[in-house]
Amino acid sequence: MKNKIIMISTLLVCCLFTALGAKAQNSQNGIETSLKEKAYIGITGGFSPVFGNFSKAEYSDPKSGFASSGMNIGLTGVYFIKHHFGIAGLISYNGYGYHGAQSLADGYKEAFDLDSTTLYRKGNNRAFNILVGPYYSLPLSDRLHLDFSVLLGYTNAQLSGNELFLEDGVGNQFEQKPATASAFGYQAGAGLRYDLARHFGVGVQAAYFGAVPDFKIDNINRKNEAGRLLTRYHQPIQSLNLNLMLSYRL
């Protein structure tokens, strides 16, 4: 009886180690398969909260950009050079909101000593980006990847303008024109990517985006320099891109 128990126990232990060995081999094979992927492309998009001077809405501060949080969308791709390392590319559009119009209107009303003023936004705050840079992907399992990237390149940005109507008569208004400028852009971030099938996957990403365009601003029908008057705006555009991604693995 004792010998039978020993034999059965030995067989169970052997089976257990065999199963564990097979599982480990399958996991290793899955990771090796993930290392062999050549490239993938994806569509990415999500929420873009802004911060820094670009997001301030103080009439008396010329550094205030009066931008609010917005959205971004982009086309991304990665070509793997060797194992975990690759080159990533991103073409993206960041569209930001506008806030603080009442603060501007009230500031001009006080500066011009008027009873009322009305201000309208002209154009949008936005950034169009073409970025490339190094990429590192760490396989956590046969389907799950932890990705890191640092991207550099070209940004073309626009700063929204405004048109102010004074209280006393038609034609008594002036305009700060929307301004555009190009600059060096950069983005650094990390994300998790999960392979749903052989080719398709989903992911979540968080990345910091920045650029410092030097906007030259035209003012129309501005007859005096009372109140806030900008002819140049040279402050960082800073935002986070909190995105979802749909990818196709080649």
Side-chain angles (χ1 to χ4, degrees), residues 45-74 92-129 154-187 206-243:
F47 180 55
S48 295
V50 295
F51 51 93
N53 288 328
F54 187 55
S55 67
K56 288 183 178 179
E58 300 175 10
Y59 172 84
S60 59
D61 186 357
K63 296 180 180 180
S64 294
F66 291 86
S68 62
S69 299
M71 305 293 288
N72 77 89
I73 188 169
S92 66
Y93 177 89
N94 288 49
Y96 304 109
Y98 183 89
H99 72 136
Q102 190 61 50
S103 172
L104 277 175
D106 291 343
Y108 283 118
K109 181 176 68 174
E110 182 177 347
F112 284 91
D113 193 23
L114 300 172
D115 291 331
S116 67
T117 54
T118 304
L119 184 138
Y120 296 98
R121 181 186 71 180
K122 306 287 285 187
N124 299 304
N125 296 306
R126 54 88 174 158
F128 173 76
N129 314 290
Y154 169 81
T155 292
N156 180 269
Q158 176 175 282
L159 180 71
S160 64
N162 58 73
E163 186 173 14
L164 182 76
F165 288 83
L166 307 178
E167 63 175 352
D168 51 353
V170 177
N172 195 8
Q173 80 268 3
F174 57 83
E175 180 181 351
Q176 175 185 304
K177 299 285 287 183
T180 59
S182 297
F184 173 77
Y186 53 92
Q187 179 170 300
Y208 170 86
F209 167 76
V212 192
D214 190 1
F215 296 104
K216 303 299 189 296
I217 300 172
D218 292 329
N219 292 272
I220 307 300
N221 200 36
R222 188 68 185 261
K223 299 176 181 179
N224 60 64
E225 296 185 1
R228 180 185 173 95
L229 175 61
L230 293 184
T231 58
R232 181 188 183 193
Y233 186 79
H234 191 201
Q235 295 295 318
I237 296 174
Q238 298 172 298
S239 69
L240 291 176
N241 293 331
L242 307 176
N243 290 1

Got a sec: does the [atom1] of [X] have more than 12 other heavy atoms crowding it under 6.0 Å?
X      : atom1 : value
Glu58  : CD    : yes
Lys216 : NZ    : yes
Asn224 : CG    : yes

Any side-chain heavy atom of [X] sitting closer than 4.5 Å to one from [Y]?
X      : Y      : result
Thr117 : Phe165 : no
Ile237 : Pro213 : yes
Tyr59  : Asp106 : no
Thr118 : Leu164 : no

As an exercise, state the distance from [atom1] of [X] to [atom2] of [Y], rounded to the nearest 0.5 Å.
X      : Y      : atom1 : atom2 : result
Lys122 : Lys177 : NZ    : NZ    : 7.0 Å
Leu229 : Arg222 : CG    : CZ    : 4.5 Å
Leu240 : Tyr208 : CG    : OH    : 8.5 Å
Arg121 : Leu104 : CZ    : CG    : 12.5 Å
Gln158 : Thr180 : CD    : OG1   : 6.5 Å
Tyr154 : Phe128 : OH    : CZ    : 8.0 Å

List the atom of [X], the atom of [Y], and the distance in Å for their closest heavy-atom pair.
X      : Y      : value
Arg228 : Pro62  : NH1-CA, 3.8 Å
Ser103 : Ala57  : OG-O, 3.4 Å
Asn219 : Leu230 : ND2-O, 2.9 Å
Ser160 : Tyr98  : OG-CD1, 3.2 Å
Asn72  : Phe47  : ND2-O, 3.9 Å
Glu163 : Gln173 : OE2-CG, 3.6 Å

Going by atom types only, do Asn129 and Gln187 share a side-chain donor-acceptor pair under 3.5 Å?
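Per modelled atom types, Asn129 and Gln187 side chains form no pair under 3.5 Å.
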Does one side chain, of Tyr96 or Ser48, offer a donor that lies under 3.5 Å from an acceptor on the other?
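Tyr96 vs Ser48: no donor-acceptor pair found between side chains.
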Apply the test side-chain contact (heavy atoms from CB on, under 4.5 Å) to residues Thr155 and Phe184: give CA-CA distance (whole Å), side-chain angles for both, the deciding distance (0.1 Å), then the verdict.
CA-CA 6 Å; Thr155 292; Phe184 173 77; over 6 Å; no
With Asn94, the side-chain contact (heavy atoms from CB on, under 4.5 Å) member among Asn241, Val50, Ile73
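Of all the options given, the one that passes is Asn241.
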Could you list the residues that satisfy ring pair (Phe, Tyr, Trp, His ring centres under 6.0 Å) with Phe174, not counting sequence neighbours?
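Partners of Phe174 under the ring pair (Phe, Tyr, Trp, His ring centres under 6.0 Å) test: Tyr108, Phe112.
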Can you check side-chain contact (heavy atoms from CB on, under 4.5 Å) on Phe54 and Gln238, steps first, answer last?
CA-CA 7 Å; Phe54 187 55; Gln238 298 172 298; over 6 Å; no
Looking only at atom types and distance, does a side-chain atom of [X] sit under 3.5 Å from a main-chain N or O of [Y], one as donor and one as acceptor?
X      : Y      : answer
His99  : Ser55  : yes
Asp214 : His234 : no
Arg126 : Asn156 : yes

Between Phe66 and Asn162, is the side-chain contact (heavy atoms from CB on, under 4.5 Å) condition met? List the steps.
CA-CA 11 Å; Phe66 291 86; Asn162 58 73; over 6 Å; no
